[in-house]
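What follows is a short report on a single structure.
In the text below, chain A, chain B and the rest are named by the order of the sequence lines, each starting its count at 1. Note that these values count all heavy atoms, side chains included, but never hydrogens, waters or copies made by symmetry. Source: prediction; values computed, not measured.
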There are 2 protein chains.
Amino acid sequence: MDVLRAIKLLKEEGYKYTDKRKHMLQLFADEKRYLSAREVQEFLKTNFPGLSFDTIYRNLSIFVDLGILEETELDGEKKFRYTCPSGKHHHHLICLKCGKTKEIDACPMEKVTTDLSEFQITGHKFEIYGYCSQCTA
Amino acid sequence: MDVLRAIKLLKEEGYKYTDKRKHMLQLFADEKRYLSAREVQEFLKTNFPGLSFDTIYRNLSIFVDLGILEETELDGEKKFRYTCPSGKHHHHLICLKCGKTKEIDACPMEKVTTDLSEFQITGHKFEIYGYCSQCTA
DNA sequence: ACAATAAATAGTAATAATTACGATTTATAT
DNA sequence: ATATAAATCGTAATTATTACTATTTATTGT
Ligand SMILES: [Mn+2]
Ligand SMILES: [Mn+2]
Ligand SMILES: [Zn+2]
Ligand SMILES: [Zn+2]
């Protein structure tokens with residue numbers, strides 16, 4: 001996923017291409033890590049001082065629906081990052097301080113031997129947490 | 001973990017053994033599934049109509065510290081359940097509606113081949129989500 | 001049993017993230 | 001340029017969680 005493809009997706013699905021959306025997409029492309037709604041506000045407040053959370057959350061939600069962003073929940077807070085360019089399903093090692101990630105290649109679902117048929121499965125989550133080298137120093 | 005051992009732990013660590021704590025521990029022993037603070041309140045409100053969230057959250061937190069309960073976060077809400085009797089570290093398949101769980105034997109951390117040394121690892125989470133047979137009917 | 005003490009609790013307020021809403025502005029197509 | 005529907009702002013509502021103070025209560029030692 002890159003900015004140009006994200007913009008294309010937006011327009012194809014009938015969403016308007018606004019300056020705020022442009023900057024949000026560019027922010028995630030630049031940062032390549034998990035960001036909270038508040039962090040988005042902080043990054044964009046020089047360009048858009050009055051940017052409302054209604055706008056931020058609505059756009060984040062649209063981006064997730066379109067597959068542009070992926071979402072997780074860390075410590076009671078929703079966090080968002082650009083969907084990884086790798087087309088293959090995978091998981092992440094995540095820095096709890098700055099949201100930086102590293103890819104984990106294998107998905108543990110493939111190796112689960114437990115019988116899952118009693119439940120109607122809808123998803124799974126595998127994340128490893130820690131602090132990156134910048135955040136431990 | 002069972003109620004008697006939990007009570008023993010509480011007293012050993014200098015916590016008072018109150019009626020509210022007794023009922024909370026018994027509730028988790030009976031239900032054997034993830035419950036939210038609100039659900040605890042609902043279950044106990046016949047016995048303790050004015051039970052405050054301060055009390056509920058404080059006791060939940062103490063129980064987690066003592067290893068009596070384990071905690072996870074589902075859909076932005078903290079959920080608690082009795083620590084599984086199996087001494088072995090493991091993970092769960094969880095019903096998103098009622099909190100019922102099934103144990104998954106293997107821990108995916110053992111099979112991770114990715115180099116994790118760039119991060120100082122503090123924990124991990126592996127959960128499979130779905131709906132149990134009672135909740136899909 | 002009684003009194004002293006520190007912990008636990010109730011009642012309520014504060015905090016924080018997220019969602020919702022009506023009025024206004026703006027991107028886009030005609 | 002105009003029309004139209006979507007996007008945004010400013011603000012309020014909602015929800016889970018945490019915090020505070022006065023009061024109550026479990027525990028300990030007498
Ligand atoms: Mn990735
Ligand atoms: Mn278990
Ligand atoms: Zn970091
Ligand atoms: Zn269920």
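For the pair Asp75(A) CG and dT15(C) P, the interatomic distance rounds to 19 Å; values are reported in whole Å. When the P atom of dA8(C) is taken as reference, atom CD1 of Ile62(B) falls 6 Å away, rounded to whole Å. If you take CZ of Phe53(B) and C1' of dC20(D), they are 18 Å apart, rounded to a whole angstrom. Between the P atom of dT18(D) and the CG atom of Leu60(B) lies a distance of 10 Å, rounded to the nearest Å. Regarding Glu77(A), its CD atom lies at a distance of 14 Å from the P atom of dT17(D), rounded to whole Å. The distance from atom CZ of Arg38(A) to atom P of dA16(C) is 9 Å, rounded to the nearest whole Å. Between Leu25(A) atom CG and dA7(D) atom P there is a gap of 13 Å when expressed in whole angstrom units. One interatomic measurement links the two molecules: CG of Asn59(B) to P of dA26(D), which rounds to 13 Å at whole-angstrom precision.
None of Lys100(A), Glu127(A), Lys102(A) except one satisfies the side chain to side chain contact (heavy atoms under 4.5 Å, CB included) rule with Leu93(A); the exception is Lys102(A).
Regarding contacts with the backbone of dT18(D), a side-chain N or O of Lys78(B) is found under 4.0 angstrom from either OP1 or OP2. For the pair Lys16(A) and dA29(C), the criterion of a side-chain N or O lying under 4.0 Å from OP1 or OP2 is not met. Within the 4.0 Å cut-off from OP1 or OP2 of dT17(D), at least one side-chain nitrogen or oxygen of Tyr57(B) is found. One finds a side-chain N or O of Lys20(A) lying less than 4.0 angstrom from the OP1 or OP2 phosphate oxygen of dC9(D). Checking the phosphate oxygens (OP1, OP2) of dT9(C), a side-chain nitrogen or oxygen of Arg58(B) falls inside 4.0 Å. Between dT25(D) and Thr18(B), no contact under 4.0 Å exists linking OP1 or OP2 to a side-chain N or O.
Among the nucleotides dT19(C), dC21(C), dT28(C), the one closest to the side chain of Asp54(A) is dC21(C). In this structure, the nucleotide among dA16(D), dT8(D), dA10(C) sitting nearest to the side chain of Thr55(A) is dT8(D).
For His23(A) and Phe48(A), the ring centers are positioned less than 6.0 Å apart.
Contacts of Arg21(B) with the nucleic acid, taken as non-hydrogen atoms under 4.0 Å apart, involve only primed sugar atoms and P, OP1 or OP2.
Electrostatic pairing of Lys79(A) and Glu71(A) does not count as a salt bridge here, judged by no charged N lying under 4.0 Å from a carboxylate O.
Side chains of Ile62(A) and Leu10(A) form a contact here, defined as non-hydrogen atoms less than 4.5 Å apart.
For Arg5(A), the CZ atom counts as loosely surrounded, since its 6.0 Å shell holds 12 or fewer non-hydrogen atoms of other residues, nucleotides or ligands.
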